[in-house]
Amino acid sequence: MKRVVYLMTVLVVSCGLYAQKHYIDLHAGVGVGSWGYTLQGGSTQFGNTYSAGVGYTWFFHPCVGLQTGVQAVRLSSYGSLTEGVEYGPLTDYQGEQYMHRVALSGWREQQEGWLLEVPLGLRFRYFADEESRVGLHAAFGASLAVPVHAVYRVSGTAAHSAWYEWWQLELHDLPGRFGTEDVKQEESCKSLLATFNAMAYAELGMAFRAGRRTQIVLAAYAQYGITDFSKVKKEERTTLGFANKENGYTFMPEYHGLLGTDCVAAMRPWTAGLKIGLSVWPGKTDEQKKKQLKKLAEQYPKLMPVREQHDTVYLRDTVYMRDTLVLHDTAVLSDIEQKMPMTREQAQLDELLSSAVIWFHFDEYKPVLEPAYILDSVAAMMQRHPSLRIQVNGHACSIGTERYNKRLALRRAQAVAALLEQKMVSRKRMKVASYGASQPYRYNPKHSYAKDRRVEIIPE
């Protein structure tokens with residue numbers, strides 16, 4: 001268990017620099033469960049369980065994250081004894097040996113308790129794309145469980161008697177000794193449980209986007225005790241209903257619950273049920289970041305100057321890969337400028353370039369849509385021109401640090417290069433580069449951060 005916790009901690013620290021989103025999780029669950037012990041001479045029955053907690057998930061990958069937190073779990077189960085127990089041999093005051101017998105009737109005991117758990121594990125989520133409202137959810141890991149409250153409640157009837165083997169005689173209904181008693185009591189049994197225990201857990205269900213910040217999770221869950229929750233050693237277990245005294249022949253009707261008797265072996269609790277959770281992203285949305293940057297620009301105009309909007313237009317081989325066009329014949333460009341109004345030309349450029357550039361969502365390096373029509377054109381062009389080499393340039397918006405944007409833009413370019421390799425384009429014919437946020441997309445009347453998140457493919 002210590003090694004597992006250590007490895008998970010190292011994984012959290014090592015993946016921290018690559019974390020993309022983090023969530024605060026709230027959840028509650030209901031189901032069935034048991035303290036997980038086998039009852040000799042009787043039977044056990046599971047009871048209702050409830051759980052609630054708060055957690056934290058750190059997604060170091062769009063689909064995979066590390067989760068931890070704290071939760072409280074209520075466990076309940078029932079044990080019923082039907083077989084009698086026998087204790088002895090004992091010696092009476094005349095030196096005769098006998099066996100003390102207890103016949104049980106309606107003997108039922110409820111074990112109830114609360115566990116405080118600290119889970120540590122992996123959480124998975126998958127949405128087909130950014131517009132999908134429904135996705136998959138899964139999680140698994142281990143948790144440290146500490147019993148904070150545990151009691152037993154017992155009820156039933158016990159009839160005591162003494163069996164003399166030599167005389168073949170059974171004595172019962174003797175005043176003060178071998179009689180019938182009705183037992184009904186409640187007592188804490190926390191002292192019989194180990195302080196620190198380990199549980200394994202797993203979840204599988206669906207995730208629903210409720211907004212830009214929130215996700216609702218509905219899942220089935222299960223838990224099982226990895227370690228033995230009972231700290232009573234085998235040699236310390238007693239026979240039901242008796243305590244060792246100096247005058248051992250005297251009947252002592254003391255009862256301390258099933259968990260400390262030889263009727264119960266190891267305890268490995270389990271629970272299963274359904275849970276509902278709410279995950280909230282506490283970060284800022286794109287709109288909030290834009291408002292913040294705009295406000296800072298207004299307050300400190302010298303520190304945040306407005307970028308000038310200008311660039312060159314290119315056209316090459318009828319394959320449009322960039323927010324620019326390359327024209328071999330400058331006369332054609334002059335003719336277009338004379339015959340086409342600037343506003344119409346700008347509109348056509350926007351329409352052309354929006355279908356040519358490979359776009360990405362904020363803080364993501366997977367294309368918004370699979371750019372098959374673009375990549376197929378590139379692959380076909382390079383087959384027609386074996387000597388042609390291309391540049392795959394990654395770009396990012398200016399939100400975030402320069403170092404982070406440079407790395408994010410490079411991952412975007414590498415992702416597109418990998419897709420081209422799948423279409424039989426040699427990596428030797430591609431040059432992958434990252435420009436970070438240094439080259440914003442300029443062919444739009446009003447600057448949009450969304451258009452800065454792109455990859456451009458141009459002939460080298």
Run the numbers on Phe360 and Val455 for side chain to side chain contact (heavy atoms under 4.5 Å, CB included), then give the verdict. CA-CA 8 Å; Phe360 296 81; Val455 164; 3.3 Å; yes
Please determine whether side chain to side chain donor-acceptor pair (under 3.5 Å) holds for the pair Glu109 and Tyr78, giving the CA-CA distance in whole Å, both sets of side-chain angles, and the decisive distance to 0.1 Å. CA-CA 6 Å; Glu109 178 171 314; Tyr78 301 86; over 6 Å; no
Please check this pair: side chain of [X] against backbone of [Y], looking for a donor-acceptor N/O pair closer than 3.5 Å.
| X | Y | value |
| --- | --- | --- |
| Arg125 | Pro62 | yes |
| Arg209 | Arg133 | no |
| Ser132 | Val134 | no |
| Ser143 | Ala145 | no |
| Glu402 | Gly436 | no |
| Asp262 | Arg237 | no |
| Asn197 | Gly225 | no |

What distance do [X] atom [atom1] and [Y] atom [atom2] have between them, rounded to the nearest 0.5 Å?
| X | Y | atom1 | atom2 | value |
| --- | --- | --- | --- | --- |
| Ile399 | Leu408 | CD1 | CG | 11.5 Å |
| Leu116 | Leu144 | CG | CG | 9.0 Å |
| Glu364 | Phe362 | CD | CZ | 9.5 Å |
| Leu419 | Ile358 | CG | CD1 | 7.5 Å |
| Arg108 | Ser155 | CZ | OG | 7.5 Å |
| Thr261 | Leu39 | OG1 | CG | 7.5 Å |

When you compare the side chains of Gln67 and Tyr56, does any donor N or O come within less than 3.5 Å of an acceptor on the partner? no
Met199 and Glu117: CA distance, side-chain angles, deciding distance, side chain to side chain contact (heavy atoms under 4.5 Å, CB included) verdict: CA-CA 9 Å; Met199 300 276 285; Glu117 298 183 4; 4.2 Å; yes
Are Leu420 and Met430 close enough, and set up right, to give a side chain to side chain contact (heavy atoms under 4.5 Å, CB included), and what steps lead you there? CA-CA 9 Å; Leu420 285 171; Met430 292 184 283; 3.6 Å; yes
Checking side chain to side chain donor-acceptor pair (under 3.5 Å) for the pair Tyr435/Asn405: CA distance, chi angles, key distance, verdict? CA-CA 9 Å; Tyr435 290 90; Asn405 288 331; over 6 Å; no
So which atom in [X] and which in [Y] form the shortest heavy-atom distance, rounded to 0.1 Å?
| X | Y | answer |
| --- | --- | --- |
| Cys189 | Leu259 | SG-CD1, 4.0 Å |
| Ala413 | Ala433 | CB-O, 3.8 Å |
| Arg453 | Cys397 | NE-SG, 3.3 Å |
| Ala150 | Leu193 | CB-CD1, 3.7 Å |

Note, [X] side chain near [Y] side chain (heavy atom, < 4.5 Å):
| X | Y | result |
| --- | --- | --- |
| Leu66 | Phe60 | yes |
| Leu204 | Tyr221 | no |
| Ser398 | Tyr449 | yes |
| Met206 | Leu136 | yes |
| Leu258 | Val154 | no |
| Asn393 | Val432 | no |
| Val54 | Val70 | yes |
| Glu187 | Gln185 | yes |

If you look only at pairs with a residue in [range], which of them pass as a salt bridge (charged side-chain N to carboxylate O under 4.0 Å, His left out), with sequence neighbours excluded?
| range | result |
| --- | --- |
| residues 60-80 | Arg74-Glu112 |
| residues 216-229 | none |
| residues 134-151 | none |

Phe46, CZ atom: more than 12 neighbouring heavy atoms under 6.0 Å: no
Near Lys431 NZ, under 6.0 Å, is it more than 12 heavy atoms from other residues, nucleotides or ligands? no
Using a 3.5 Å cut-off and no angle test, enumerate the donor-acceptor pairs between side-chain atoms of residues 25-38 and protein atoms at least two apart in sequence or in another chain.
from  : atom 1 : to     : atom 2 : distance (Å)
Asp25 : OD1    : Arg123 : NH1    : 3.1
Asp25 : OD1    : Ser279 : OG     : 2.7
Asp25 : OD2    : Thr57  : OG1    : 2.5
Asp25 : OD2    : Arg123 : NH1    : 3.4
His27 : NE2    : Gln71  : OE1    : 2.9
Ser34 : OG     : Gly36  : N      : 3.1
Trp35 : NE1    : Gln111 : O      : 3.4

I would like to know whether Val146 and Phe196 meet side chain to side chain contact (heavy atoms under 4.5 Å, CB included); could you show each step before the answer? CA-CA 5 Å; Val146 179; Phe196 299 103; 3.8 Å; yes
Not counting sequence neighbours, which residues clear side chain to side chain donor-acceptor pair (under 3.5 Å) with [X]? List them please.
| X | result |
| --- | --- |
| Ser76 | Gln110 |
| Gln45 | none |
| Gln40 | none |
| Arg429 | none |

My understanding is that only residues two or more places apart in sequence, or in another chain, count here; which of them pass side-chain contact (heavy atoms from CB on, under 4.5 Å) with Lys233? Glu235, Glu236
Who are the side-chain contact (heavy atoms from CB on, under 4.5 Å) partners of Ala418, not counting sequence neighbours? none
NZ/NE/NH1/NH2 to OD/OE distance under 4.0 Å, Arg454 and Glu456: yes
For the residue pair Trp359 and Tyr441, does the interplanar ring angle fall in the parallel (under 30°), tilted (30 to 60°) or perpendicular (over 60°) class? perpendicular
Which residues satisfy the salt bridge (Lys or Arg N to Asp or Glu O under 4.0 Å) test with Glu186, sequence neighbours excluded? Arg153
Which pairs would a plain distance check flag for residues 265-278, meaning a side-chain donor or acceptor within less than 3.5 Å of a matching protein atom at least two apart in sequence or in another chain?
from   : atom 1 : to     : atom 2 : distance (Å)
Thr271 : OG1    : Gln223 : OE1    : 3.2
Lys275 : NZ     : Glu203 : OE2    : 2.9

